[in-house]
Novice: 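This is the structure I want to talk about, given as structure tokens.
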Number of protein chains: 2
Amino acid sequence: MRIGELAHAAGTTVRALRYYEQQGLLRPDRSPNGYRLYGGSQVTRVANIRLLLSLGLTATDIRAFLPCLGDDIAEGPVCPASAAVIARRLAEVDDRIAALDTTRTRLVDALARAGAEKLARAHEAPRARTTG
Amino acid sequence: MRIGELAHAAGTTVRALRYYEQQGLLRPDRSPNGYRLYGGSQVTRVANIRLLLSLGLTATDIRAFLPCLGDDIAEGPVCPASAAVIARRLAEVDDRIAALDTTRTRLVDALARAGAEKLARAHEAPRARTTG
DNA sequence: CTAAACGTTGACCCCGGGGTCAAGGTCAAG
DNA sequence: CTTGACCTTGACCCCGGGGTCAACGTTTAG
């Protein structure tokens with residue numbers, strides 16, 4: 001299949017596929033006229049790339065998944081080589097969450113000082129509901 | 001005082017101050033030779049701008065704070081005009097946190113499938129400790 | 001034959017908050 | 001006069017993930 005067909009099958013755009021290739025995530029064959037040619041398994045591969053991107057991994061990060069990028073990573077096992085990458089990203093996410101929690105507290109505080117006590121109280125600690 | 005002095009006093013850079021001005025957050029006088037001239041109160045103003053930026057507000061958002069940007073917003077009341085801006089930003093932060101929580105769960109899950117069970121368990125639910 | 005619908009590469013645009021030159025004006029001290 | 005520290009505006013660079021042209025080649029249908 002050619003790039004347009006793959007883009008359609010994978011629910012993305014031609015531009016994105018060329019970008020993934022530029023980032024070293026895809027290596028399509030070329031027909032004599034220069035067109036990119038993809039096999040059907042590349043649909044899964046592209047889906048995996050997009051899944052990992054949605055998790056906040058960068059294109060560079062995803063290169064660590066190359067050995068298992070053709071597998072069904074949403075369900076099955078992920079290649080061990082990527083564990084370090086995931087762990088690092090996880091740490092970043094934890095940091096981001098902690099920072100946002102701090103920010104949240106300060107915003108609620110500022111809201112209270114803005115004379116919007118009702119509004120502030122409504123937002124007081126909504127996240128507590130998720131654990132208690 | 002001139003821009004270099006203010007930058008030093010406010011703990012930031014000349015470039016940043018010019019950027020804030022470009023964004024409409026500062027309006028210094030000009031000396032006959034074109035140099036920017038700032039009063040001492042502008043130090044607080046710049047500190048406020050930087051505080052709000054650190055909370056994730058954008059330069060555009062901060063324009064809503066113009067009426068109270070000279071006050072001591074870290075301690076005293078914030079001008080009511082900015083309440084809506086803060087509330088909106090708060091909603092965004094809540095969304096971000098929720099999204100990151102989801103991402104976190106998926107990352108831990110992926111980590112487990114990567115054969116790094118110990119690592120995954122270590123990260124299992126560290127945020128639960130903050131509420132329980 | 002021709003037009004449409006594909007494909008190709010290359011290059012500029014976006015966002016946010018500035019960093020980092022470049023090229024030049026101004027002012028005090030030596 | 002000269003040096004050096006300060007100031008000015010303008011313009012390009014960064015990151016990530018592409019969007020959106022431009023200018024051109026190829027294939028397919030009528």
Novice: Keeping the roles fixed (side chain from B:Ser82, backbone from B:Val85), state whether a donor-acceptor pair exists under 3.5 Å.
Specialist: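 Such a contact is absent between B:Ser82 side chain and B:Val85 backbone.
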
Novice: Figure out the CZ/P separation between B:Arg18 and D:dC12, and round it to whole Å.
Specialist: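 One finds 17 Å between P of D:dC12 and CZ of B:Arg18, rounded.
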
Novice: Whole-Å distance between C:dT9 P and A:Glu21 CD?
Specialist: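 Interatomic distance, CD of A:Glu21 to P of C:dT9: 7 Å.
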
Novice: Taking OP1 and OP2 of C:dT9, is either one under 4.0 Å from a side-chain nitrogen or oxygen of A:Arg30?
Specialist: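 So the side chain of A:Arg30 is within the cut-off, an N or O lying under 4.0 Å from OP1 or OP2 of C:dT9.
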
Novice: Here's a test of your reading of the structure: between B:Leu53 and B:Arg2, which maps to the more 5' nucleotide of DNA chain C?
Specialist: B:Leu53

Novice: Checking all strands, does B:Leu37 fall into the base, sugar-phosphate, or nothing category for heavy-atom contacts under 4.0 angstrom?
Specialist: nothing

Novice: Tell which nucleotide pairs with C:dC12, taking only Watson-Crick or G-U wobble pairs whose two distances are both under 3.5 angstrom.
Specialist: D:dG19

Novice: What pair of heavy atoms forms the shortest contact from B:Leu37 to B:Ser31, and how long is it?
Specialist: CD1-CB, 3.5 Å

Novice: Does C:dG19 have its OP1 or OP2 closer than 4.0 Å to a side-chain nitrogen or oxygen of B:Tyr19?
Specialist: no

Novice: Could a donor-acceptor pair under 3.5 angstrom be found where the side chain of B:Tyr35 meets the base of C:dG25?
Specialist: yes

Novice: Quick one: does any side-chain atom of B:Asp61 pair with a main-chain N or O of B:Thr58 as donor and acceptor, under 3.5 Å?
Specialist: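 Answer holds: yes.
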
Novice: Need one value for A:Arg36: base, sugar-phosphate or nothing, where a base atom within 4.0 Å counts as base even if backbone is also close, heavy atoms only.
Specialist: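 Sugar-phosphate: the residue A:Arg36, judged by heavy atoms under 4.0 Å, touches backbone atoms but no base.
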
Novice: What is the distance, rounded to the nearest whole Å, between atom CD1 of B:Ile3 and atom P of D:dC6?
Specialist: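 It is 13 Å, rounded to the nearest whole Å.
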
Novice: Which sits closer to the 5' end of DNA chain D, A:Val14 or A:Asn33, going by the nucleotide each is nearest to?
Specialist: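 Nearest-nucleotide comparison on DNA chain D picks A:Val14.
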
Novice: Between D:dC15 and A:Thr58, is there an OP1 or OP2 to side-chain N/O distance shorter than 4.0 Å?
Specialist: no

Novice: For residues A:Arg2 and A:Tyr38, report the shortest heavy-atom separation together with the two atoms involved.
Specialist: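 A:Arg2 and A:Tyr38 have their closest heavy atoms at C-CD1, 4.0 Å.
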
Novice: Given atom CZ of B:Arg15 and atom P of D:dG10, what is their separation to the nearest angstrom?
Specialist: 12 Å

Novice: Quickly work out the A:Tyr38 OH to C:dC6 C1' distance and round it to whole Å.
Specialist: 14 Å

Novice: D:dG17 C1' sits how many Å from A:Leu57 CG, rounded?
Specialist: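 In whole Å, D:dG17 C1' and A:Leu57 CG are 14 Å from each other.
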
Novice: Using 4.0 Å as the upper bound for N to carboxylate O, is an ion pair formed by A:Arg96 and A:Glu92?
Specialist: no

Novice: Atom CG of A:Leu17 to atom P of D:dG18: distance rounded to whole Å?
Specialist: 10 Å

Novice: Given atom CG of B:Asp61 and atom P of C:dG17, what is their separation to the nearest angstrom?
Specialist: 9 Å

